[in-house]
Q: 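Take a look at the following structure, please.
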Amino acid sequence: MSKTAELQTPPISSRERCPKANGLESVAPLVSTVEETPDPIPTTIKGTVPSWINGSFLRNGPGKFEFGKDRYTHWFDGMAMMHRFHICDGNVTYSSRFLRSDSYVKNSEKNRIVVSEFGTLAMPDPCKNIFARFFSRFQIPKATDNASVNFVKYKGDYYVSTETNYMRRVDPQSLETKEKVDWSQFIAVNAATAHPHYDREGATYNMGNSYGKAGFFYNIIRVPPAAEETAATKDSADLNGAKVICSIRATDARKPSYYHSFVMSENYIVFVEQPIKLDLLKFMLYRIQGKSFHKVMTWEPQHQTIFHLVNRHTGQESEVRYSAAPMFTLHQINAYEEDGCLVMDMCCGDDGEVIGDFTLENLRRGSGEEMDKFYNSLCRNLPRRYVLPLNVDDKTPLDQNLVTLPLCRATAKQTKPGQVFMTHEELHDDQLLQYGGLEFPQINYDKYNGRPYRYFYSCGFGHVFSDSLLKMDVHTKELKVWRYPGLFPSEPVFVASPDATEEDDGVVLSVIITPREEKTTFLLVLDAKTFTELGRAEVPVNIPYGTHGVFNLKG
């Protein structure tokens with residue numbers, strides 16, 4: 001076969017590259033309602049939890065999936081439940097609380113679902129007369145404050161966040177719900193992500209939407225560090241000083257792209273405009289049509305992926321249009337600058353329809369054929385490296401690879417003046433495929449975010465929910481694995497040892513859910529360097545599968 005013919009051969013999708021599942025077990029217990037544990041309870045330690053770990057591992061995620069006779073239809077819709085593993089002197093206690101969001105309180109008072117969520121439409125009050133129920137369908141519902149995705153920090157305060165304009169400030173020790181925070185009261189955005197980035201001066205960066213007569217914009221937000229004179233005394237939400245440093249116009253104002261996170265290096269922010277589209281007309285009509293929000297999202301692979309490069313110090317957007325083949329990404333691994341290039345590592349797939357698939361009906365399928373069929377239909381996300389050349393100008397040659405980094409297989413070519421098309425490097429070898437790809441990547445963030453790095457930690461997806469923990473060496477693509485049948489790990493979080501001299505000196509924490517047995521969930525502590533188990537803290541309660549978490553050094 002000629003070289004030209006090889007280049008024209010369609011690439012094999014990430015789903016097709018991974019082995020098909022056969023005989024998967026049911027994971028229904030991972031998406032079942034549990035009771036909260038507001039007062040800390042002791043855990044049973046097996047092995048050793050290093051005595052130098054002093055703080056709290058905080059986790060977030062859905063924990064209640066019905067009110068009265070009403071049932072949620074999508075996993076994302078479950079009411080937010082916060083979890084705290086407090087670690088001190090080798091001992092661990094556990095506590096949890098439901099977020100007392102307006103959504104949770106109103107649903108509890110009525111004992112039915114009265115607030116619409118991502119995949120569940122709240123039905124009109126049956127006590128209203130027929131005319132009131134009819135006209136209520138023409139009211140656009142308010143965004144939910146069911147912040148079930150992540151713990152985030154602004155000016156030293158913890159908040160729980162989702163992807164609407166509402167967050168909730170919380171006490172990271174008692175898990176008490178504090179005030180509701182509306183982004184739009186501080187800055188002109190209608191929503192913000194649950195994955196901000198932090199710089200080394202204490203500022204926080206995020207992405208938010210805005211739309212109006214001028215069009216639809218993706219906005220880069222900067223929240224400054226807390227002022228020293230107020231940091232220790234103020235006990236209220238403080239986003240004062242927040243500002244939009246750059247507004248990026250959507251390529252198609254009627255169908256902007258969905259995004260879950262963004263890329264940040266020391267000097268740049270990159271917004272990835274991907275071909276998962278939100279149909280704004282359908283969004284306006286979805287309540288009248290009786291459809292939930294996730295029905296307005298469509299995967300449109302006829303569009304390329306566009307990378308918007310912004311100088312995070314000046315807010316200036318590059319005039320160069322960087323693009324790549326259509327792909328889907330939720331989470332970025334890391335990004336850094338080297339030799340005139342911006343290196344971006346991300347978890348990517350070739351099919352963006354995955355988000356709408358996570359209905360509770362699908363996730364609660366029985367073991368065997370039905371679960372296999374669902375899992376085998378899902379996209380697999382694999383780590384990829386894209387490289388943006390930063391010095392493209394009118395003297396830059398056409399159709400020449402501009403990536404000059406040693407041993408890098410990613411390419412970037414200027415196809416027309418001011419237009420650069422990129423191809424990625426696979427940041428793995430074939431060993432990863434047997435673990436179903438990976439997601440939920442984490443690094444030694446405090447020391448290596450935005451800088452050259454070597455290791456990241458993630459979940460392997462040999463099942464609908466993660467069934468392994470992985471450590472990847474991005475220099476050698478070597479993989480270390482922790483995996484046992486019937487154990488389902490959460491996102492791994494790295495905690496550096498106090499005397500660390502190397503990037504992976506520390507531990508990795510993950511909550512392991514055990515659907516085959518009742519009340520046997522445990523907090524796993526792995527040696528980050530060897531990826532071997534040091535100890536575990538067994539919790540005598542059931543815990544559902546969650547989303548994201550952080551380690552709070554203050555405890």
Q: Please confirm whether the ring centroid of F262 lies under 6.0 Å from the ring centroid of H195.
A: no
Q: Are H197 and Y205 close enough that their ring centres sit under 6.0 Å apart?
A: no
Q: Could you give me the CA-CA distance, side-chain angles and deciding distance for D235 and R169, then say whether salt bridge (Lys or Arg N to Asp or Glu O under 4.0 Å) is met?
A: CA-CA 10 Å; D235 185 27; R169 195 166 70 95; 3.1 Å; yes
Q: Applying salt bridge (Lys or Arg N to Asp or Glu O under 4.0 Å), run through R84 and E36 and close with a yes or a no.
A: CA-CA 11 Å; R84 177 178 184 249; E36 63 182 2; over 6 Å; no
Q: Can the positive tip of R364 be found less than 6.0 Å from the middle of the six-membered ring of F65, inside 45° of the ring normal?
A: yes
Q: Measure from NZ or CZ of K64 to the centre of the six-membered ring of F67, then state whether that distance is under 6.0 Å and the direction lies within 45° of the axis.
A: yes
Q: To the nearest 0.5 Å, tell me how far N165 CG sits from M167 CE.
A: 10.0 Å
Q: Between T305 and P326, which heavy-atom pair has the shortest distance, and what is it?
A: OG1-CA, 3.5 Å
Q: Which pair of heavy atoms, one from K255 and one from D279, lies closest together, and at what distance?
A: CE-OD2, 3.6 Å
Q: Taking all heavy atoms of H74 and all of T120, pick out the closest pair and write down the distance.
A: N-OG1, 4.0 Å
Q: Centre-to-centre under 6.0 Å for F551 and F57, is that the case here?
A: no
Q: Do F271 and Y259 make the cut of ring centroids closer than 6.0 angstrom?
A: yes
Q: Salt bridge check: are K155 and D238 linked by an N-O gap of less than 4.0 Å?
A: yes
Q: Regarding Y258 and E273, do their side chains bring together a donor and an acceptor under 3.5 Å, going by distance alone?
A: no
Q: Is K178 paired with D157 through a side-chain N to carboxylate O contact shorter than 4.0 Å?
A: no
Q: Can a side-chain donor-acceptor contact be found between S161 and N150 if the only test is distance below 3.5 angstrom?
A: no
Q: Strictly by modelled atom types, are T193 and N206 linked by a side-chain donor-acceptor pair under 3.5 Å?
A: yes
Q: For the ring pair Y211 and F217, is the centre-to-centre distance below 6.0 Å?
A: no
Q: May I ask you to check whether Y159 and W183 place their ring centres under 6.0 Å from each other?
A: no
Q: Between R168 and E179, is there a side-chain N and carboxylate O pair less than 4.0 Å apart?
A: no
Q: Can a cation-pi geometry be assigned to R451 and Y445, taking NZ or CZ under 6.0 Å from the six-membered ring centre and within 45° of the ring axis?
A: no
Q: Compare every heavy atom of C459 with every heavy atom of P492, then report the nearest pair and how far apart it is.
A: CD-SG, 3.8 Å
Q: According to salt bridge (Lys or Arg N to Asp or Glu O under 4.0 Å), does anything in residues 304-318 pair up with another residue at least two apart or in another chain? List the pairs.
A: D199-R312
Q: Looking only at non-hydrogen atoms, find the nearest pair between P196 and V152 and report the distance.
A: CD-CG1, 3.4 Å
Q: Please tell me whether S466 and E439 have a donor and an acceptor in their side chains that are separated by less than 3.5 angstrom.
A: no
Q: Counting heavy atoms not belonging to K180, are there more than 12 under 6.0 Å from its NZ?
A: yes
Q: Identify whether the distance between the nearest side-chain nitrogen and carboxylate oxygen of R71 and E361 falls below 4.0 Å.
A: no
Q: Dump the intermediate steps for ring pair (Phe, Tyr, Trp, His ring centres under 6.0 Å) on F494 and Y457, then the final yes or no.
A: CA-CA 8 Å; F494 176 84; Y457 313 91; 5.7 Å; yes
Q: For side-chain contact (heavy atoms from CB on, under 4.5 Å), just list the numbers for V149 and N60, CA-CA rounded to whole Å, side-chain angles, deciding distance to a tenth of an Å, and then say yes or no.
A: CA-CA 6 Å; V149 178; N60 197 0; 5.5 Å; no
Q: Could you check F151 against H548 for ring pair (Phe, Tyr, Trp, His ring centres under 6.0 Å), going step by step and ending with a plain yes or no?
A: CA-CA 7 Å; F151 279 86; H548 298 287; over 10 Å; no
Q: Output yes when D350 and R384 qualify as a salt bridge under the 4.0 Å nitrogen-oxygen rule, no when they do not.
A: yes
Q: Under 4.0 Å between a side-chain nitrogen and a carboxylate oxygen: does that hold for D70 and K110?
A: no
Q: Please lay out, stage by stage, how R385 and D345 fare under the test salt bridge (Lys or Arg N to Asp or Glu O under 4.0 Å).
A: CA-CA 4 Å; R385 172 165 290 178; D345 296 343; 2.7 Å; yes
Q: Any chance the side chains of Q419 and Q414 put a donor and an acceptor closer than 3.5 Å?
A: no
Q: Considering all heavy atoms of both residues, which atom of F76 and which atom of S148 are nearest to each other, and what is their separation?
A: O-OG, 3.9 Å
Q: Can a donor-acceptor pair be found, under 3.5 Å and without considering hydrogens, that links the side chain of T144 to the backbone of N146?
A: yes
